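Structure first, commentary second.
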Amino acid sequence: MAGTIAVLNGPNLNLLGVRKPEVYGRDTLADVEALCAREAERFGLTVDARQSNHEGVIIDAVHELRTSAVGFIVNAGAWTHTSVALRDALETVEGPIIEVHISNVHAREEFRHHSYLSSIASGIIVGCGVQGYAFAVARIAALTTVSV
Ligand code: DQA
């Protein structure tokens, strides 16, 4: 089955590998996007990976991909904890949404414990490092691939 998974990364995730490596690890965003592409290929899927530090750019990407993507992997970074607008946009997508956080947000500051996205996500992967993105690809494949 062919299809494209949208992989959306929010603010500061362009600094992966540099920002707080003790929390987020040493892999870069390019590494993460390559990991997603490799994992997707195992399931005959492709990825369309976007990152922006501008909320409207990511919301526009959601609108652009909302009907064409088979599923969405979303690490909204700090917008997770603040953005009703991103939640409203993601509520319009047709495929499943997997929310990913590299760090265990529940073991961190209290303001990271609430997510505006979790209640509209099919699944949430937290604290598994960048491997969480690979898990999310496998989950979207499981949810969207028709087995024969
Ligand atoms: C994050 C957790 C957020 O609280 C934080 O603002 C980030 C990254 C994570 O992947 O662990 O930017 O989403």
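Counting starts at 1 for both ligands and their atoms, following the listed order. Just so it is clear, the model here is predicted, and its values are computed rather than measured.
Checked by atom type, the side-chain pair Ser115/Glu99 shows a donor-acceptor distance below 3.5 Å. At a cut-off of 3.5 Å, with distance as the only test, a side-chain donor of Asn9 or Tyr133 sits close to an acceptor on the other residue.
Listed by chain and residue number, Arg50 satisfy the salt bridge (Lys or Arg N to Asp or Glu O under 4.0 Å) test with Asp48 (two or more places apart in sequence, or in another chain).
Each of Lys20, Arg112, Arg108, Glu22 was scored for a side chain to side chain donor-acceptor pair (under 3.5 Å) with Ser103, with one residue passing: Arg108.
Protein residues with any heavy atom under 4.0 Å from ligand 1: Arg19, Tyr24, Asn75, Gly77, Ala78, His81, His101, Ile102, Ser103, Val105, Arg112.
Electrostatic pairing of Arg38 and Glu41 does not count as a salt bridge here, judged by no charged N lying under 4.0 Å from a carboxylate O.
Residues Ala141 and Leu45 come closest through the heavy atom pair CB-CD1, 3.9 Å.
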